Amino acid sequence: MNEDTKVNISWLPQDHIDASSPENISAADSSLIPVLEPDLIVNPWDIVLCTSGTLISCENAIVVLIIFHNPSLRAPMFLLIGSLALADLLAGVGLIINFIFAYLLQSEAAKLVTVGLIAASFCASVCSLLAITVDRYLSLYYALTYNSERTVTFTYVMLIFLWGASTCVGLLPIMGWNCLKDESTCSVIRPLTKNNAAALSVSFLLMFALMLQLYIQICKIVMRHAHQIALQHHFLATSHYVTTRKGVSTLAIILGTFAACWMPFTLYSLIADYTYPSIYTYATLLPATYNSVINPVIYAFRNQEIQKALWLICCGCIPPSVSQRARSPSDV
């Protein structure tokens, strides 16, 4: 392979280039074209991200189709789960398109559109997770009035707001808020500027803090409900403890998974910029994409109604273990 060949691996930052080498002077002049080793045609990290995007797309497409084709799944909870699945689906498609554009269509316009799509999709995904948390809190705190028209209206308002805000985030690079003309302002994800990445990271930390507070309140409500049910049915204290522990464990898994996936990349985006080695960006971004793989398992496939719809699609029947399972206070 000709050593002068330049390969545009993606929108991730390029590693430092030895400017003293004549072969690398022309590459250093282009802030958007990283240089690979002479014997490396495709970056393995890009292959991993594309594979992750394919898995995300397939998994969440199933959830979107199930909710879209089942009129019975129109409650606020399912609308929010559908929003989450749609956001993750678009994120997966964005990762696939990024891989294709990086190696087949190398242009600044394609790069801006791809980064905008990925940023908007992941923003919508995180906002949908927050909306689901708010919905779960309201369903427990206002249990008697939750199934009302006001709840449906509030859900639509949340959806409009979160998708509107996410769309604005995605349009920022396209409308000029990028670092194409000034490389010194680039963040770890080109062409997002350092300020844009920092603002998104701070917003994520604020949303995570709000989700943590809401889940603490949900945990208190679940424990109180479990205690009341135990007293009404004269359950033993051990049964009450097991039910409460299951609910707390479920909430811990949900919040812990979210934090483990997104926190590394969020903190790294705050402290790093384009001068850092790209391998660090890949290593922190990949777990964030895994959150979109895990979301359908946590929020969709655990739901009894979605399980029924999935069984009907797959085998045309509903197993008794699914149709007769009762909902307990630990199912949050």
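Computed from a prediction, not measured in an experiment: that's the story for all the values here. Note that these values count all heavy atoms, side chains included, but never hydrogens, waters or copies made by symmetry.
A heavy-atom distance below 4.5 Å is found between the side chains of Leu49 and Tyr282. You'll find the side chain of Tyr215 stays beyond 4.5 Å of the side chain of Tyr137, heavy atoms only. When side chains are defined from C-beta on, Met207 counts as touching Cys127, because their heavy atoms get closer than 4.5 Å. Proximity of Leu84 to Ser125: side-chain heavy atoms (C-beta onward) are separated by under 4.5 Å at one or more points. Side-chain contact between Trp45 and Leu286: present, with at least one pair of heavy atoms (C-beta onward) separated by less than 4.5 Å.
A donor-acceptor pair is defined here as one N or O able to donate and one able to accept, closer than 3.5 Å; such a pair exists between the side chain of Arg74 and the backbone of Asn70. Between the side chain of Ser166 and the backbone N or O of Trp163, no donor-acceptor pair lies under 3.5 Å. With hydrogens and angles disregarded, no donor-acceptor distance shorter than 3.5 Å links the side chain of Ser269 to the backbone of Ala197. At least one donor-acceptor pair under 3.5 Å links the side chain of Asn60 to the backbone N or O of Ile56. Proximity of a side-chain donor or acceptor of Ser52 to a complementary backbone N or O of Val48 within less than 3.5 Å is not detected. Without hydrogens or angle criteria, Arg302 side chain to Pro296 main chain gives no donor-acceptor distance under 3.5 Å. Using modelled atom types, one side-chain atom of Asn295 and one backbone atom of Asn291 make a donor-acceptor pair closer than 3.5 Å. In this structure a side-chain-to-backbone donor-acceptor pair under 3.5 Å is missing from Thr257 to Ile254. Judged by distance alone, the side chain of Lys194 and the main-chain N or O of Ser184 form no donor-acceptor pair under 3.5 Å. Looking at Gln307, its side chain does come within 3.5 Å of a backbone N or O of Phe301 through a donor-acceptor pair.
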Show, in sequence, the C-alpha distance, side-chain angles and deciding distance for Ser83 and Ser128, and conclude whether the side-chain hydrogen bond (donor to acceptor under 3.5 Å, both in side chains) test is met.
CA-CA 6 Å; Ser83 172; Ser128 294; 2.9 Å; yes
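Between Phe204 and Phe258, the ring planes are tilted. Angles from 30° to 60° get that label.
Note: Phe122 and Trp262 meet the aromatic proximity criterion, with ring centroids under 6.0 Å apart.
Ser201 and Thr266 share no donor-acceptor pair across their side chains, judged by distance under 3.5 Å alone.
Shown here is Tyr268, whose OH atom has more than 12 heavy atoms of other residues, nucleotides or ligands within 6.0 Å.
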